[in-house]
Amino acid sequence: MAPGLSETGVWSPPQLEPPTRDDCINTSLTYGFVFDMCGVEIDPVTFQVRIDRYVSMHDAGTLLNPLIADGQVHGAFVQGVAAALYEEFIYDEAGSFLSGSFADYLVPTASEIPDLEILHQETPSPLTPLGAKGLAEGNCMSTPACIANAVADALGVEDVEVPLTPSRVWELLQR
Amino acid sequence: VKPAPFLYRRPESLEEALELLREHGDEAKVLAGGQSLVPLLNMRLARPAVLVDVNGIAGLDRVEANGGVRVGALVRQRQLERVPLPLVAEALPHVGHLVTRNRGTVGGSIAHADAAAELPLCLTVLGGTVVVRSARGERELPAEEFFVSHFTTRLAPDELVVETVWPSRGDGWGFAFEELAQKRGDFALSMAACALRVENGRVAEARVGVGSVVERPTLLETDLVGSEPTADLLRGAAAAIEPFGTVHASAAYLSHLTGVLVERAVLRAWRSA
């Protein structure tokens, strides 16, 4: 019979402190680095955006588990593509939420997601015992900006608003 | 969310089903594949008092070639993919996803009459008919009359769709279906379908329809007969359609897109004729 004993330990990194008086906060114990490059094409007739090639490079220091690292990057990339091209909280003038079901809130599926090329640069952190840095949701931030910049470059416009739906791209070109 | 309470009936025969519809009328909803009805029930957008499940009725799942192809109402959309029907074969891959087509029925899609559904547009463009039956008798309605508006048909509360009839077209006919959806299997932003017959290098008959951007499958008036289709001619015909904007696309974009899809469908049908 197994002994009925258990123990729970809790540790908080001392670096993670509450926000300062001027509202600054260190939200993470470690920080990774990411850069993205992509090439897009815009259909000149239907104005759909197609991602031809997407490369994402990460420096998460020493990779402890490369398979999990790539999985994290893939997941965040899909969320980034979703924000760039599909998903939107839509409200009408009276404040009614118009995209409150999956019939209207367009979550991309495997069919919509292009191939992703992942590269890793391993620069061990001098500040952590194993040399590891952060890696998780970087592409949620980098991917919408990267796709939006590529579309803006292709169209020769300064400002674009995501998601870049066919209708929105068409309207950008009518101005 | 779960559905509001309802009474569930699973008749074993057509007569029994028609009797239930006669008894409950407006209060009843027919359950076939459930791919549209069940989400509506779960969101409580539909709150029928009685659900009449027709899946147990024998004989409604037959496909017969007899003066056109007669498709029983319970034939699954996936089964229809294996029936050599022009236009329909091109449209079906756009109908939801493979798993929803395994459940979704042809009759259900026709009776549901979603303005963004592919099968009602195909049936209208092919000049097909809908066979409906009630305890009072049977009648056959042309698709052009059957579809009234979004989710509204000429079906009376005690009537059941039992069959759709898809006319066969002989030599000289060409067909094409075009749609654009933001996501694979999603509701199309716009769609167009064309069936046309070519004789001596000229269009002899043309049926061009659009869906999604209109309240029901709508045939366009074109000047195609006696001519060779040109982009200008087709854009002009499509301009008669005034799409309503949606949360995903402005009316102006949908108007542009509909013109593009009409042009593509007609030119491709022309080349395949």
Under 6.0 Å from the CD atom of A/Glu122, do we count more than 12 heavy atoms belonging to anything else shown?
yes
Within the supplied structure, the quantity of interest is the number of heavy atoms (other residues, nucleotides, ligands) at a distance under 6.0 Å from B/Asp223 CG; does it exceed 12?
no
Is a side-chain N or O of B/Lys183 found less than 3.5 angstrom from the main chain of A/Thr109, in a donor-acceptor match?
no
Is B/Arg44 atom CZ crowded by more than 12 heavy atoms from other residues, nucleotides or ligands, each under 6.0 Å away?
yes
Side chain, backbone, both or neither: which part of B/Val260 has a heavy atom under 4.5 Å from chain A?
side chain
Counting only heavy atoms not in A/Asp115, do more than 12 sit closer than 6.0 Å to its CG atom?
no
CG-OG distance between B/Leu254 and A/Ser167, expressed to the nearest 0.5 angstrom:
6.5 Å
Side-chain H-bond candidate by donor/acceptor type, A/Glu171 with B/Ser250, under 3.5 Å:
yes
Rounded to the nearest 0.5 Å, how far apart are CG of B/Asp186 and OH of A/Tyr86?
10.5 Å
Contact part of B/Ala181 toward chain A, heavy-atom cut-off under 4.5 Å: side chain, backbone, both or neither?
backbone
Near B/Tyr8 OH, under 6.0 Å, is it more than 12 heavy atoms from other residues, nucleotides or ligands?
yes
Applying a strict 4.5 Å limit to non-hydrogen atoms, the region of A/Thr46 in contact with chain B is both
Check the surroundings of atom CZ in B/Phe244: do more than 12 heavy atoms from other residues, nucleotides or ligands lie under 6.0 Å from it?
yes
Verify the neighbour count for atom CE of A/Met37: are there more than 12 heavy atoms of other residues, nucleotides or ligands below 6.0 Å?
no
Quick one: of A/Glu88, A/Glu112, A/Gln174, who has the most non-hydrogen atom pairs under 4.5 Å with chain B?
A/Glu112
Is the shortest side-chain heavy-atom distance between A/Leu106 and B/His248 below 4.5 Å?
yes
Can you find a pair of side-chain heavy atoms, one from A/Pro166 and one from B/Gln182, that are under 4.5 Å apart?
yes
If you count every heavy atom of other residues, nucleotides or ligands that lies below 6.0 Å from B/Arg154 atom CZ, does the total exceed 12?
no
Side chains of B/Tyr253 and A/Arg168: does their closest heavy-atom pair fall under 4.5 Å?
no
